[in-house]
Amino acid sequence: MVLIRNEEAKDYQAVEKMTREAFYNQYIPGCVEHYLVHVMREHADFIPELDFVLEVDGEVAGNIMYTRAFLKDTAGEKKEILTFGPLCIAPQYQRRGYGKRLMQHSFEKAVSLGYDVIVIFGAPSNYVSSGFWCCKRFHICTENDKFPAAMLVKELVPHALDGRKWYYHESPAMAIEEADALRYDETLEKKERKHQPSQEEFYIMSHSFVE
């Protein structure tokens with residue numbers, strides 16, 4: 001039995017532990033995602049209504065969390081949008097479609113709250129099947145006029161973006177320090193930090209741009 005519901009305080013520890021297990025050594029030796037989950041809930045840009053857990057037979061098996069972000073056009077006009085992350089599925093439940101189910105559930109709720117655009121950073125192979133497109137197709141770039149290969153855009157409402165050039169600004173909630181995350185990690189059950197090939201893949205993707 002699969003259930004998707006809003007996260008509750010009783011879930012916090014399980015979600016953080018699951019996130020740590022899922023991301024450990026994937027992108028760096030150790031990980032920072034569990035620390036982001038730990039601190040994000042207290043930030044003003046965090047949206048509790050879009051914080052969901054997925055349960056399988058009563059066990060927390062997935063989580064998605066959203067914060068506000070915004071776009072600014074060349075004239076300075078702002079548009080409030082969403083970003084999510086981390087999206088996490090427990091290792092033993094991965095590759096079963098649960099991540100897509102969590103996203104779709106959250107998309108529907110986001111629309112009901114009045115949001116029409118999501119911008120994320122992630123591996124395109126994980127998200128294009130859920131309707132995310134390259135940021136350059138929507139003329140959305142970073143402040144240095146770059147189009148990161150990992151920056152992906154989804155219109156929750158068709159034609160929500162009108163073709164003008166936009167600059168993406170993420171919430172300060174996402175700007176955590178790796179050193180702070182690693183210090184927090186030291187307070188938890190010991191795990192071995194190590195290098196593995198997925199970290200080089202992440203480095204290449206996170207430093208790539210679309211021309």
Side-chain angles (χ1 to χ4, degrees), residues 7 9 11-48 50-54 60-70 81-95 98-99 102-103 106 118-127 130 132 135 142-144 146 148-152 168-209:
E7 186 190 40
D11 304 309
Y12 289 177
Q13 186 174 6
V15 167
E16 291 176 27
K17 182 177 181 179
M18 174 186 66
T19 303
R20 187 177 187 235
E21 291 295 323
F23 286 100
Y24 219 78
N25 295 325
Q26 288 298 306
Y27 302 133
I28 61 170
C31 71
V32 301
E33 288 79 5
H34 61 310
Y35 178 70
L36 176 58
V37 168
H38 182 68
V39 300
M40 183 190 296
R41 301 184 189 98
E42 303 302 319
H43 198 278
D45 288 335
F46 174 65
I47 306 174
L50 295 176
D51 176 13
F52 295 104
V53 295
L54 179 144
V60 172
N63 173 244
I64 190 168
M65 304 173 75
Y66 281 78
T67 58
R68 298 174 184 85
F70 69 90
I81 62 167
L82 295 172
T83 189
F84 65 71
L87 167 62
C88 179
I89 301 297
Q92 67 270 32
Y93 291 108
Q94 291 177 4
R95 297 178 179 84
Y98 292 139
L102 256 180
M103 282 191 286
S106 68
I118 300 174
V119 176
I120 62 168
F121 284 84
S125 59
N126 291 336
Y127 296 102
S130 293
F132 284 88
C135 61
T142 55
E143 289 185 272
N144 58 0
K146 295 286 190 178
M151 190 161 78
L152 307 172
Y168 174 66
H169 297 264
E170 70 179 6
S171 168
M174 309 299 284
I176 59 173
E177 295 290 337
E178 184 175 327
D180 292 337
L182 294 179
R183 278 194 292 271
Y184 176 67
D185 192 61
E186 291 288 350
T187 69
L188 305 175
E189 180 183 355
K190 187 170 179 59
K191 290 176 66 70
E192 180 185 3
R193 297 174 190 156
K194 58 185 178 181
H195 292 274
Q196 57 186 31
S198 60
Q199 295 167 18
E200 185 63 17
E201 181 180 356
F202 170 73
Y203 181 86
I204 294 168
M205 174 56 66
S206 62
H207 290 77
S208 298
F209 300 91

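Everything numeric here is computed off the predicted structure, so don't read it as measured data. For the single chain, residues carry numbers from 1 onward in sequence order.
Few gaps surround OH on Y184; more than 12 heavy atoms of other groups in view lie less than 6.0 Å from it. Crowding of F209 atom CZ: a count of heavy atoms from other residues, nucleotides or ligands under 6.0 Å exceeding 12.
Of all heavy-atom pairs between Y93 and A61, the closest is CD1-CB, 3.4 Å. When all heavy atoms of L36 and P86 are compared, the pair lying nearest together is CD2-CD, 3.8 Å. Across all non-hydrogen atoms, the minimal contact from Q94 to I89 is NE2-O, 2.9 Å. The two residues R68 and A44 have their closest heavy-atom pair at NH1-O, 3.1 Å. Minimum heavy-atom separation, I47 to T67: CD1-C, 4.1 Å. The shortest non-hydrogen separation linking A22 to C88 is CB-SG, 3.6 Å.
With values rounded to the nearest 0.5 angstrom, L188 atom CG is found 8.5 Å from H38 atom NE2. Put simply, CD1 on I64 and CG on L102 are 6.0 Å apart, with the number rounded to the nearest 0.5 Å. In this structure, M151 CE and F132 CZ are separated by 12.5 Å, a value rounded to the nearest 0.5 Å. Atoms NZ and CD, from K191 and E21 in turn, are 3.5 Å apart once rounded to the nearest 0.5 Å. Of the inter-residue distances, the one linking N126 atom CG with M103 atom CE reads 8.0 Å to the nearest 0.5 angstrom. Atom NE2 of H169 sits about 10.0 Å away from atom CD1 of I81, to the nearest 0.5 Å.
The ring pair (Phe, Tyr, Trp, His ring centres under 6.0 Å) test with F84 is passed by exactly one of F52, F121, F46, Y66: Y66. Considering Q196, E201, Q199 in turn, Q196 is the only one that fulfils the side-chain contact (heavy atoms from CB on, under 4.5 Å) rule with Q26.
Considering only heavy atoms from C-beta on, T83 stays 4.5 Å or farther from S171 through its side chain. The shortest side-chain heavy-atom distance between I118 and L152 does not fall under the 4.5 Å cut-off.
By the 4.0 Å N-to-carboxylate-O rule, D185 lies close enough to R20 to be salt-bridged with it. R41 and E16 are joined by a salt bridge, as a carboxylate oxygen and a charged side-chain nitrogen come within less than 4.0 angstrom of each other.
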Would H195 and E200 satisfy side-chain contact (heavy atoms from CB on, under 4.5 Å), going step by step from the backbone distance to the final call? CA-CA 9 Å; H195 292 274; E200 185 63 17; over 6 Å; no
Go through E178 and Y35 one step at a time and tell me if the side-chain contact (heavy atoms from CB on, under 4.5 Å) criterion holds. CA-CA 9 Å; E178 184 175 327; Y35 178 70; over 6 Å; no
Do H34 and M18 pass the side-chain contact (heavy atoms from CB on, under 4.5 Å) test, and can you show the C-alpha distance, the side-chain angles, and the key distance before you say yes or no? CA-CA 8 Å; H34 61 310; M18 174 186 66; over 6 Å; no
Could you go step by step and tell me if M65 and L50 meet the side-chain contact (heavy atoms from CB on, under 4.5 Å) rule? CA-CA 6 Å; M65 304 173 75; L50 295 176; over 6 Å; no
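Checked by atom type and distance alone, the side chain of N25 never pairs as donor or acceptor with a backbone atom of R193 at under 3.5 Å.
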